[in-house]
Structure formats: C-alpha cells, structure tokens
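Just so we're clear, the structure is a prediction, and the values are computed from it rather than from any experiment. Along the sequence shown, residues are numbered consecutively beginning with 1.
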Amino acid sequence: QVQLVESGGGLVQAGGSLRLSCADSGRTFSGYNMGWFRQVPGKEREFVAWIRWSDGRTDYADSVKGRFSISRDNTKNVLWLQMNSLKPEDTAVYYCARSRWLSRIVGNYDYWGQGTQVTVSS
C-alpha cells in the first residue's frame, strides 16, 4: 500500500531555508518518478519539481529554479526538497506525489501525501 508522508514544514523568515521530507512507508519508490507540488487556498495546485527514479534527472518550475533542490534516496524510500532563499510567495502547502511519468501535470500523479504547510514571513 502506498503511503506518502511529508514532514519538515514550518514557519521561516524570508531568506531562510527549510528541508522537506517525503517518506514512503509502503516501500513503493522503486520504478517511480517523484514530484513536489504546492497549493495556496483558492488556487490550483502547481508544479514545483520532479526527479526521475533511475538517474536522478530533475526539472524545476522557473519560480524555484536555483533556490530549491529535489533529491531522493531509493534505498531508504525518501524524497527531499531543499528550499533556500525562501520568499513570502513560497508560502503554501507542499505535497509529494508519485508518477510513472516525467510530468509537471497534477493528473499524471497517482498517489499524494497529505501535505505540509510552509509559511514564509516577510
């Protein structure tokens, strides 16, 4: 059974850093690409980053490129999102998700975590 659980969110000042984690207790990382998305109330969920399971190839939204870094450990079934130089506009609930595809599209991800709140104060 797939169960993705995010952690590491919190309140941070602008310019600060946070590291989000996503653990898969169902041990289903193998063969799946993983992504991070975020959502603010009243807006659609938006792509942040994805990482390919086989070789670690990555892709980032322009809004986070150069500030965020996605990584994973397939042996430990853990996914991370290192977020540096945070801005107030990064405030959102962050979700990890699993996909067979390399995609920025929400609908191409089949399992999602419950989300973790990130709040960046100015």
Side-chain angles (χ1 to χ4, degrees):
Q1 180 179 357
V2 179
Q3 187 171 3
L4 303 176
V5 179
E6 302 96 336
S7 61
L11 174 64
V12 64
Q13 288 188 333
S17 298
L18 281 175
R19 191 190 196 199
L20 305 183
S21 298
C22 172
D24 175 18
S25 60
R27 301 178 179 271
T28 60
F29 262 33
S30 180
Y32 285 92
N33 306 307
M34 298 296 295
W36 285 100
F37 289 75
R38 65 187 183 186
Q39 189 171 23
V40 298
K43 293 189 176 182
E44 294 186 351
R45 194 166 296 187
E46 68 172 7
F47 166 76
V48 174
W50 57 245
I51 184 167
R52 186 156 67 181
W53 87 273
S54 58
D55 61 4
R57 176 189 167 193
T58 58
D59 182 38
Y60 297 92
D62 288 344
S63 59
V64 307
K65 197 172 294 184
R67 300 187 298 120
F68 290 12
S69 178
I70 186 172
S71 59
R72 65 190 293 169
D73 185 333
N74 290 338
T75 64
K76 297 180 180 178
N77 296 295
V78 179
L79 174 75
W80 295 283
L81 184 68
Q82 178 67 43
M83 306 186 295
N84 299 327
S85 303
L86 283 161
K87 305 175 181 180
E89 52 263 44
D90 294 318
T91 295
V93 177
Y94 283 72
Y95 299 88
C96 64
R98 189 190 81 166
S99 178
R100 285 289 191 188
W101 312 104
L102 295 173
S103 176
R104 295 184 171 201
I105 301 173
V106 169
N108 285 338
Y109 288 76
D110 57 0
Y111 284 95
W112 294 80
Q114 83 290 347
T116 185
Q117 176 71 47
V118 171
T119 303
V120 184
S121 63
S122 57

Residues in salt bridge (Lys or Arg N to Asp or Glu O under 4.0 Å) with Arg57, at least two apart? none

Identify whether [X] and [Y] are in the same connected component of the hydrophobic contact network (ILVMFWY, side-chain heavy atoms under 4.5 Å).
X: Val118; Y: Tyr95; answer: no
X: Val93; Y: Met34; answer: no
X: Val106; Y: Leu4; answer: no

[X] side chain vs [Y] backbone, donor-acceptor pair below 3.5 Å:
X: Gln114; Y: Glu6; result: yes
X: Asn33; Y: Trp53; result: yes
X: Ser99; Y: Asn108; result: yes
X: Gln39; Y: Ala92; result: no
X: Arg104; Y: Tyr60; result: yes

Of all heavy-atom pairs between Val120 and Thr91, which one has the smallest distance, and what is that distance? N-OG1, 2.9 Å

Roughly how far, to the nearest 0.5 Å, is [atom2] of [Y] from [atom1] of [X]?
X: Ser122; Y: Lys87; atom1: OG; atom2: NZ; result: 14.0 Å
X: Leu79; Y: Ser71; atom1: CG; atom2: OG; result: 7.0 Å
X: Leu11; Y: Gln117; atom1: CG; atom2: CD; result: 9.5 Å
X: Leu20; Y: Gln82; atom1: CG; atom2: CD; result: 8.5 Å
X: Asp24; Y: Arg72; atom1: CG; atom2: CZ; result: 9.5 Å

Linking Ile, Leu, Val, Met, Phe, Trp and Tyr through side-chain heavy atoms less than 4.5 Å apart, which residues share a cluster with Tyr32? none

Transitive ILVMFWY cluster of Val78, excluding itself - 4.5 Å side-chain cut-off: Trp80

How about Gln3: does its CD atom have over 12 heavy atoms from other parts shown lying under 6.0 Å from it? no

Show every disulfide bond (SG atoms under 2.5 Å apart) that has at least one partner inside residues 88-122, sequence neighbours left out. Cys22-Cys96

Side chain to side chain contact (heavy atoms under 4.5 Å, CB included), that's the test. Do Val64 and Arg38 meet it? Break it down for me. CA-CA 11 Å; Val64 307; Arg38 65 187 183 186; 3.9 Å; yes

How would you list, by chain and number, every residue that makes a ring pair (Phe, Tyr, Trp, His ring centres under 6.0 Å) with Phe37, sequence neighbours excluded? Phe47, Tyr109, Trp112

Could you tell me which residues satisfy side chain to side chain donor-acceptor pair (under 3.5 Å) with Thr75, sequence neighbours excluded, listed by chain and number? Asp73

My understanding is that only one of Thr58, Asp90, Leu18 makes a side-chain contact (heavy atoms from CB on, under 4.5 Å) with Phe68; could you say which? Asp90

